[in-house]
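Computed over heavy atoms, backbone and side chain alike; hydrogens, waters and symmetry mates excluded. Every chain is numbered from 1, with letters handed out A, B, ... down the list of sequences.
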2 protein chains.
Amino acid sequence: MDQRVLQATAVLRRHGYKLTKPRRLLLEWFYRRGEHASAQEVFDSLCRQGQEIGLTSVYRNLEVLVKVGLVRQICFHDGCHRYEPVAPGEHHHHLICSDCGQIIKFHGCTFDRELAERLEQETGFMVNCHQLQVFGTCKFCQQESATKRRTV
Amino acid sequence: MDQRVLQATAVLRRHGYKLTKPRRLLLEWFYRRGEHASAQEVFDSLCRQGQEIGLTSVYRNLEVLVKVGLVRQICFHDGCHRYEPVAPGEHHHHLICSDCGQIIKFHGCTFDRELAERLEQETGFMVNCHQLQVFGTCKFCQQESATKRRTV
DNA sequence: ATTCTAACTGAAAATGAGTTTCAGTTAGAC
DNA sequence: GTCTAACTGAAACTCATTTTCAGTTAGAAT
Ligand SMILES: [Mn+2]
Ligand SMILES: [Mn+2]
Ligand SMILES: [Zn+2]
Ligand SMILES: [Zn+2]
C-alpha cells in the first residue's frame, strides 16, 4: 500500500476509525488524482474505475477525512462543496474567476503567526487553520466581456 | 428614505435595475439589521415585521444585490449561504468556531496590493476582492471539550 | 482461528437550500 | 395616462446532502 495511505490509516486509527474499503478508496483516489473534486465527481471517477462504493459512503467518509484533518473542504460558490487532500508542509490558496468558475491555486500566503496570535489574545479562540479565496476575472472572460461590449 | 438606501438605489439604477418593494425591503433590512444572515433568516425577520415579501424574491434579489456589489455572499460551512452589506471603506474577515459555528468579525487583514499585483501578473486575472476565513475553537467550546475529556 | 459486536455499508427515502415556471403586477420611460 | 419590459410570488421542481434501516465487516477479545 502507498506510503501516504499507510500514514493516513494511522491517523484514522488514532481517532478511533477503522480502515474500511470506502475509506481506502477515497484516500487512494485523492493521493493519485486530485484536487477540488466534489463528492459526486469522486464517486463518478471511482465508478468509472470499476470500484464498488456507494455515494452515501463517499459523503459520509469525506466528512470523516475532513474531521481527522486528512482532507480539506472548500466552498467555491459553485453549488457544491469541494475537497482536496491536506499535504503536510504545503500551503496554498485559490484564485477564482467569478464569471466561469476557473480555479487557480497560488502560494505565498500573507496570513502570519502574528495575526493568529493577536486574534487568539483578543477573542480567546484557539486558531487552527484558515482559507483565503481571491475572486476576479480570468484572462479569457475579460476578453469575452470586452468583445461583447464592442459588439453590442 | 435612508441615505444609504438612496445611494444603493442609484447603484441599482446604474446597473439597469428598478427599485422594487422587495429590493427596498432587503436594503432597509441590511442597513438597520445585519450581518451574516441567510436568505431564510432575512425572510423570517421581514415576515415577523409584518412586511409582505416572497421567499423567492429574497433569493432572487440577494443575487441581484451581490451582482451589483451592494451585498457580499459568504460561506461559513453551516449549510447555507450568508449575506452582509458591503460598507465602502470598511474591510473585515471572519473567525469561525469549528465546533459551535460562532462567528466573530475582525479587522487587520494582511492581504495586500503587492500580492494582488503578483497574482495579476502571474495569472492574467483581474483581481476584484477576497475573503478570508480563520477557523478555530472558541473559548466556550475549548472548556466544553476539556470538561468532557475529564468526565470520560 | 473463532467469536463477538460496535462500527460500518449502501439502497432507498427524506430533507432542505435554492431555482424555475408562469400567470398576474408594476416601475418608470415615453 | 399609456405601454411594456422587468418584476413578483405561489407552486412545482432540482439536486446536494442527510437520514433510515437492514445487512455486513474490521478488528478486539477470547
Ligand atoms: Mn487547492
Ligand atoms: Mn462580517
Ligand atoms: Zn494561508
Ligand atoms: Zn482582507
Side-chain angles (χ1 to χ4, degrees), chain A residues 1 5-6 8-27 29 36-47 50-68 71 73-83 101 152, chain B residues 1 5-6 8-29 36-47 50-68 70-71 73-83 101 152:
Chain A
M1 206 184 325
V5 176
L6 220 60
T9 303
V11 173
L12 283 172
R13 287 250 168 69
R14 202 176 314 136
H15 286 263
Y17 292 106
K18 297 179 178 176
L19 179 68
T20 61
K21 193 177 161 199
R23 281 173 197 159
R24 186 176 45 74
L25 288 176
L26 285 181
L27 289 170
W29 191 90
H36 317 156
S38 67
Q40 186 70 56
E41 285 169 1
V42 176
F43 173 74
D44 289 345
S45 174
L46 283 170
C47 286
Q51 301 289 0
E52 303 230 327
I53 188 172
L55 181 55
T56 312
S57 290
V58 172
Y59 276 107
R60 224 175 346 222
N61 289 307
L62 282 173
E63 196 184 323
V64 169
L65 296 181
V66 168
K67 196 174 290 172
V68 303
V71 162
Q73 184 186 52
I74 319 177
C75 174
F76 292 120
H77 294 266
D78 70 341
C80 61
H81 286 122
R82 296 186 168 273
Y83 301 85
V152 172
Chain B
M1 205 183 329
V5 176
L6 221 59
T9 303
V11 173
L12 282 172
R13 287 251 169 70
R14 202 176 316 135
H15 285 264
Y17 291 106
K18 296 179 180 178
L19 179 68
T20 62
K21 193 177 161 196
R23 282 175 196 158
R24 185 176 45 74
L25 288 175
L26 286 180
L27 289 170
E28 283 170 354
W29 192 90
H36 317 156
S38 67
Q40 186 70 57
E41 285 168 2
V42 175
F43 173 73
D44 289 345
S45 174
L46 283 170
C47 287
Q51 302 290 359
E52 303 230 326
I53 188 172
L55 181 55
T56 313
S57 290
V58 173
Y59 276 108
R60 220 169 355 212
N61 289 307
L62 282 173
E63 197 183 321
V64 168
L65 296 180
V66 168
K67 196 174 291 176
V68 304
L70 291 168
V71 163
Q73 184 186 51
I74 319 176
C75 175
F76 293 120
H77 294 266
D78 69 341
C80 59
H81 286 123
R82 296 185 168 275
Y83 300 84
V152 173

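- At whole-Å resolution of the value, CZ in Arg82(A) and C1' in dA16(D) are 12 Å apart.
- Partners of His36(A) according to the ring pair (Phe, Tyr, Trp, His ring centres under 6.0 Å) rule, which considers only residues two or more places apart in sequence or in another chain, are Phe76(A), His94(A).
- Contact footprint of chain B on DNA chain C: nucleotides with an atom under 4.0 Å from a non-hydrogen protein atom, first to last in 5' to 3' order, dA17(C) to dG28(C).
- Applying the ring pair (Phe, Tyr, Trp, His ring centres under 6.0 Å) criterion to Phe43(A), with sequence neighbours excluded, gives no partner residue.
- Between Cys80(B) and Thr20(B), the residue anchored nearer the 5' end of DNA chain C, judged by the nucleotide with its closest heavy atom, is Cys80(B).
- By the side-chain hydrogen bond (donor to acceptor under 3.5 Å, both in side chains) test, Glu52(B) is found to be paired with no residue, residues two or more places apart in sequence or in another chain being considered.
- Look at Tyr59(A) and you won't find any side-chain N or O under 4.0 angstrom from OP1 or OP2 of dT18(D).
- Applying the side chain to side chain contact (heavy atoms under 4.5 Å, CB included) test to Ser57(A) and every residue at least two apart in sequence or in another chain returns Pro22(A), Ile53(A), Arg60(A), Asn61(A).
- Put simply, NE2 on His15(A) is 16 Å from P on dG27(D), counting in whole angstrom units.
- Atom OH of Tyr17(A) and atom NZ of Lys67(A) lie 4.5 Å apart (nearest 0.5 Å).
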N/O-N/O pairs, protein side and nucleotides 12-15 of chain D side, under 3.5 Å:
none

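- One interatomic measurement links the two molecules: CD of Glu63(A) to P of dA16(D), which rounds to 18 Å at whole-angstrom precision.
- A residue-by-residue look at Lys18(B) and Arg60(B) shows that Arg60(B) has its nearest nucleotide of DNA chain C further toward the 5' end.
- Atoms CG (Leu55(A)) and P (dT20(D)) sit 18 Å apart, rounded to a whole Å.
- The two residues Val42(A) and Ala37(A) make their nearest non-hydrogen contact at CG2-CB, 3.8 Å.
- Asn61(A) comes within contact range of the sugar-phosphate backbone alone, with a heavy-atom separation under 4.0 Å but no base atom that close.
- Under the side chain to side chain contact (heavy atoms under 4.5 Å, CB included) criterion, Tyr59(B) pairs with Ala39(B), Leu55(B), not counting sequence neighbours.
- Rounded to 10°, the helix from dA1(C)-dT30(D) to dC30(C)-dG1(D) has 40° between the axis fitted to its first five pairs and the one fitted to its last five.
- Contacts of Gln40(B) classified as side-chain hydrogen bond (donor to acceptor under 3.5 Å, both in side chains), with partners at least two apart in sequence or in another chain: Asp44(B).
- Rounded to an integer number of Å, the gap from Leu12(A) CG to dG27(D) C1' is 14 Å.
- Among residue pairs with one or both ends in residues 73-83 of chain B, those qualifying as side chain to side chain donor-acceptor pair (under 3.5 Å) are Gln73(A)-His77(B), His77(A)-Gln73(B), Glu41(B)-Arg82(B), Gln73(B)-His81(B), Gln73(B)-Tyr83(B), Asp78(B)-Arg82(B); sequence neighbours excluded.
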